[in-house]
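These notes are about the structure you will find just below.
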Amino acid sequence: MHPTEESDPFCLSAASATRLLTGAPWRRFASMGDSLAAGTGDPSPGYANLGWPDRLAGILRRVRPDLAYLNAAKIGATTTKTLEKQVGPVLEFEPDLIHISCGANDIWRPDPDLAEIGRNLRRIFERAAESGAQLTTFTLGAAFVVPRFPDWHDRVRALNDITRELAATHAAVLVDMWRHPVNSRPNLLSADRVHFSTSGQAVMASELVKGLADLLGAPSRDERPSA
């Protein structure tokens, strides 16, 4: 039997998430990158039909009702397109919390240039960090594969290594989804067998709340308080 949002051991209730982020200072939240940053995914029975960014924005609005929110991410965006088309508008928004997830579309190419991907991502993170905003990011999960690329997981590992390095360099909150237990769920992926469905989106949002709570020094991070 599949879990629902209420029974999912990796999901925080809205009340619990709000308690963990009580006192959070962020008033302007922006997300940029590809479909992972956009929160793309099919509906899952028992879960609200929301991507992780909208979920996080909703929690932050419970803490800061005046929160401004911009999701500039685009399905299919590469690191080059993100750098060229999204960084400027995001910085003009003047966020104090910025999420960056990008690179999956680059490694989907027949012969990805990891050096170029690294350069682009470094510039994206550098420009975002120069704004003074708190940064957040995800690694890619292991649940989906691209059968025509036998080295797909090697590609993902390489991209994840770049992401981890940049997160450490810029003190970004990193949610590492590569080996998260949610990857083993049979209903995790959308019909395209690529994007996390809303069950996965709910887990990612909860994990990011926990990461932000750690940053704030919130107590009982590993416990799920009752609603």
Checklist entry - Any donor and acceptor pair, going by atom type alone, linking the side chain of S31 with main-chain N or O of A37 inside 3.5 Å? => result yes

Next on the checklist: For the backbone of T40 and the side chain of Q201, can you confirm whether one donor and one acceptor N or O come within less than 3.5 Å of each other?
Outcome noted: yes

Next on the checklist: With a 4.5 Å cut-off on side-chain heavy-atom distances among I, L, V, M, F, W and Y, is there a chain of contacts connecting V175 to L215?
Outcome noted: yes

Checklist entry - Donor-acceptor pair, D151 side chain versus D154 backbone, under 3.5 Å? => result no

Item to check | Within one Ile-Leu-Val-Met-Phe-Trp-Tyr cluster: L166 and L174, side-chain cutoff 4.5 Å | outcome: no

Item to check | Criterion side-chain hydrogen bond (donor to acceptor under 3.5 Å, both in side chains) on T139 and D176, from CA distance to verdict | outcome: CA-CA 5 Å; T139 58; D176 200 332; 2.6 Å; yes

Item to check | L159 vs L121 side-chain heavy atoms within contact, under 4.5 Å | outcome: yes

Checklist entry - Has the side chain of N105 got a donor or acceptor atom that lies under 3.5 Å from a matching backbone atom of A77? => result yes

Checklist entry - Is the backbone of W26 close enough, under 3.5 Å, to the side chain of R64 for a donor and an acceptor to pair up by distance? => result no

Checklist entry - Do the charged groups of D8 and R185 touch, with an N to O distance under 4.0 Å? => result yes

Item to check | side chain to side chain contact (heavy atoms under 4.5 Å, CB included) between R109 and F149, intermediate numbers included | outcome: CA-CA 10 Å; R109 293 170 172 170; F149 298 136; over 6 Å; no

Next on the checklist: For D66, is there an ion pair with R27 - N to carboxylate O distance below 4.0 angstrom?
Outcome noted: yes

Item to check | Donor-acceptor under 3.5 Å (S44 side chain, S199 main chain) | outcome: yes

Item to check | Criterion side-chain hydrogen bond (donor to acceptor under 3.5 Å, both in side chains) on D106 and T78, from CA distance to verdict | outcome: CA-CA 6 Å; D106 298 69; T78 61; 4.8 Å; no

Item to check | Counterpart residues, side chain to side chain donor-acceptor pair (under 3.5 Å), relative to R119 (two or more places apart) | outcome: none

Next on the checklist: Can you tell whether the side chains of E126 and R123 come within less than 4.0 Å, N to carboxylate O?
Outcome noted: yes

Checklist entry - CZ/F125 to CD/E165 distance, rounded to the nearest 0.5 angstrom? => result 10.5 Å

Checklist entry - Rounded to the nearest 0.5 Å, what separation is found between the OG1 atom of T80 and the NZ atom of K85? => result 11.5 Å

Checklist entry - Is there a donor-acceptor contact under 3.5 Å from the side chain of S16 to the main chain of L12? => result no

Checklist entry - Which pairs pass ring-ring contact (aromatic ring centres under 6.0 Å, His included) with one or both residues in residues 45-66, sequence neighbours excluded? => result W52-H99, W52-F138

Checklist entry - Is L21 linked to L50 within one hydrophobic cluster, defined over Ile, Leu, Val, Met, Phe, Trp and Tyr using a side-chain heavy-atom separation of less than 4.5 Å? => result no

Checklist outcome for this item: CG of N160 to CZ of R155, rounded to nearest 0.5 Å, is 14.0 Å

Checklist entry - Is any NZ, NE, NH1 or NH2 atom of the basic residue among K74 and D34 found under 4.0 Å from an Asp or Glu carboxylate oxygen of the other? => result no

Item to check | Between CG on residue L60 and CG on residue L97, distance to nearest 0.5 Å | outcome: 6.5 Å

Item to check | Contacts of F29 that satisfy ring-ring contact (aromatic ring centres under 6.0 Å, His included) - sequence neighbours left out | outcome: Y69

Item to check | Derivation and outcome, ring pair (Phe, Tyr, Trp, His ring centres under 6.0 Å), residues H180 and F10 | outcome: CA-CA 10 Å; H180 193 286; F10 299 115; 4.9 Å; yes

Checklist entry - Rounded to the nearest 0.5 Å, what separation is found between the CG atom of N71 and the CG atom of D54? => result 7.0 Å

Next on the checklist: Would the distance check show the side chain of N183 and the main-chain N or O of A143 forming a donor-acceptor pair, the cut-off being under 3.5 Å?
Outcome noted: yes

Item to check | Donor-acceptor under 3.5 Å (S197 side chain, N187 main chain) | outcome: yes

Item to check | Donor-acceptor contact below 3.5 Å, side chain D192 vs main chain H195 | outcome: yes

Checklist entry - From I98 CD1 over to T137 OG1, what is the distance, rounded to the nearest 0.5 angstrom? => result 12.0 Å

